[in-house]
Amino acid sequence: MTDHEVFGTDEQRALLRRGRAMAELVAGDPRYSYYGRTVGLMTPEDGDLDRLSALIRVQGNASYAAVPTDDAAAIAGDLTARGFVPVRYDTWEGGADALEAARDVVARHELPDDLTLVTLDAATAPGTVASFAAMALGCGVLPLSGDVMRGAAGPAICVAAVDGAGAVMSCAASAAYAHPDHPTCGGQAWWGMLATDPARRGERLALILGAHAMLEMARRFELSRFMTGVARGNAPSEAVCRRMGLAVAGHEVVGAADPGALAGGRMTK
């Protein structure tokens, strides 16, 4: 297996490597989701709990991308009964309204003069990617697999605000998520990984970068439907989603970790 560029703890790096390998195995199958961390199932209709449980055991973590809110608690309970540590996130989604909001953000706000917008690609220096990862991890956000962040594994945009010393101060990303042929989620892109160094918070950096990431996904890859998962009650993230034209979708991301592979029970913030 290729030694993919990954970051985080030993457990997190192992999880990302397994997720990347699984993504290669299921590529082209519309039942599955992948955006740079682990492979999941799009909906319960795409695979029962036995299939989801197998993905959790093999990778250490997996999720359903879209579970009706009324069914989420029962599925989380079943995952607990199987010995896993479940997580639930409200799904926020947006399309044309989100792109219009992103254009408004870019029109109204610029990065401070001491920061430069950088889009990661194959030529980005490893030191910049490492600085990106260190900043994100310091904020509790697990970076995607490196080849996804660099746009080498499929449609993806990963942007950073870099200071004069080459240190990453903020980041955001978007990546293809649902297979184009999925009957309900086809062509949907994941959007997120918004994080900012504590010393630079309050400057709208993540909002600005998030807008750029969204617009670039639409411009480069004609992906215009976006989703993200937010833990209910995470007021700052919910406020950013509203500002970006996203709205609660009426379904949830429901996933779980295998505590034997991921002791903390949570892949990322």
Side-chain angles (χ1 to χ4, degrees), residues 1-9 11-30 32-42 55-56 58-65 87 89 91 118-122 124 126 128-137 139-160 168 171-180 182 185 187-195 206 209-210 212-214 216-217 220-221 223 225-230 253 255 257 261-262 266-269:
M1 184 177 69
T2 301
D3 188 18
H4 294 293
E5 186 179 31
V6 291
F7 301 93
T9 65
E11 287 183 341
Q12 288 172 322
R13 293 196 301 273
L15 180 144
L16 290 174
R17 290 190 181 101
R18 291 191 294 267
R20 189 71 191 88
M22 182 62 69
E24 294 173 0
L25 290 175
V26 303
D29 189 327
Y32 296 98
S33 66
Y34 181 69
Y35 63 100
R37 288 178 178 143
T38 59
V39 168
L41 289 160
M42 290 307 306
L55 288 171
I56 296 168
V58 169
Q59 299 175 106
N61 181 282
S63 64
Y64 285 129
V87 293
Y89 300 98
T91 303
V118 172
T119 300
L120 272 57
D121 59 21
T124 302
T128 299
V129 180
S131 176
F132 180 114
M135 188 279 301
L137 287 164
C139 297
V141 176
L142 178 63
L144 311 182
S145 179
D147 56 352
V148 175
M149 290 198 294
R150 292 175 180 271
I157 296 291
C158 190
V159 292
V168 173
C171 65
S174 182
Y177 186 55
H179 190 281
H182 191 272
C185 303
Q188 193 175 58
W190 170 87
W191 174 83
M193 210 164 70
L194 276 63
L209 293 178
H212 279 285
M214 193 177 283
E216 280 298 288
M217 282 296 283
R220 294 192 191 187
F221 306 113
L223 289 170
R225 299 176 61 201
F226 299 91
M227 65 77 61
T228 195
V230 177
V253 178
L262 199 62
R266 186 177 288 267
M267 179 171 60
T268 188
K269 185 176 179 179

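Residue numbers start at 1 and run along the sequence shown.
With hydrogens and angles disregarded, no donor-acceptor distance shorter than 3.5 Å links the side chain of Asp147 to the backbone of Arg150. A donor-acceptor pair under 3.5 Å links the side-chain atoms of Trp191 to the main chain of Gly210, judged by distance alone. Put simply, the side chain of Arg13 gets close to the backbone of Gly8: a donor and an acceptor are under 3.5 Å apart. In terms of modelled atom types and a separation under 3.5 Å, the side chain of Gln59 and the main chain of Leu55 share a donor-acceptor contact. In this structure a side-chain-to-backbone donor-acceptor pair under 3.5 Å is present from Thr268 to Leu142. Between the Ser145 side chain and the Val6 main chain, no donor and acceptor come within less than 3.5 Å of each other. Between the side chain of Arg225 and the main chain of Gln188, no donor-acceptor pair closer than 3.5 Å is present.
The minimum heavy-atom distance linking Val141 with Ala195 is given by the pair CG2-CB, 4.2 Å. Closest non-hydrogen pair, Pro143 versus Leu16, comes out as O-CD1, 3.7 Å. Nearest heavy atoms, Glu11 versus Leu262: OE1-CA, 3.6 Å. Phe132 approaches Val168 most closely through the heavy-atom pair N-CG2, 3.6 Å. The two atoms that bring Ala65 and Tyr177 nearest to each other are CB-OH, 3.2 Å, heavy atoms only. Between Tyr89 and Val87, the closest heavy-atom pair is CE1-CG2, 3.7 Å.
Here the side chains of Met22 and Tyr34 are not in contact, with every heavy-atom distance at 4.5 Å or above. Residues Met227 and Val253 meet the side-chain proximity criterion, which asks for heavy atoms closer than 4.5 Å. Here the side chains of Leu144 and Arg37 are in contact, with some heavy-atom distance below 4.5 Å. Counting heavy atoms from C-beta on, the side chains of Thr38 and Met267 come closer than 4.5 Å. Residues Val159 and Val118 fail the side-chain proximity criterion, which asks for heavy atoms closer than 4.5 Å. Residues Met217 and Ser174 form a side-chain contact, since some pair of their non-hydrogen atoms from C-beta on lies under 4.5 Å apart. The shortest distance between side-chain heavy atoms of Cys171 and Met135 falls below 4.5 Å. Using a 4.5 Å cut-off on side-chain heavy atoms (C-beta onward), Asp121 and Met149 make no contact.
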Task: Full working for side chain to side chain contact (heavy atoms under 4.5 Å, CB included) between Glu5 and Val129 - done: CA-CA 9 Å; Glu5 186 179 31; Val129 180; 3.8 Å; yes
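Between the OG1 atom in Thr91 and the OH atom in Tyr64 there is a gap of 14.5 Å [rounded to 0.5 Å]. Taking CG from Leu137 and CD from Gln12, the interatomic distance works out to 6.0 Å, rounded to the nearest 0.5 Å. In this structure, Leu25 CG and Arg20 CZ are separated by 10.5 Å, a value rounded to the nearest 0.5 Å. Going from atom NE2 of His212 over to atom CG of Leu209 covers 7.0 Å, rounded to the nearest 0.5 Å.
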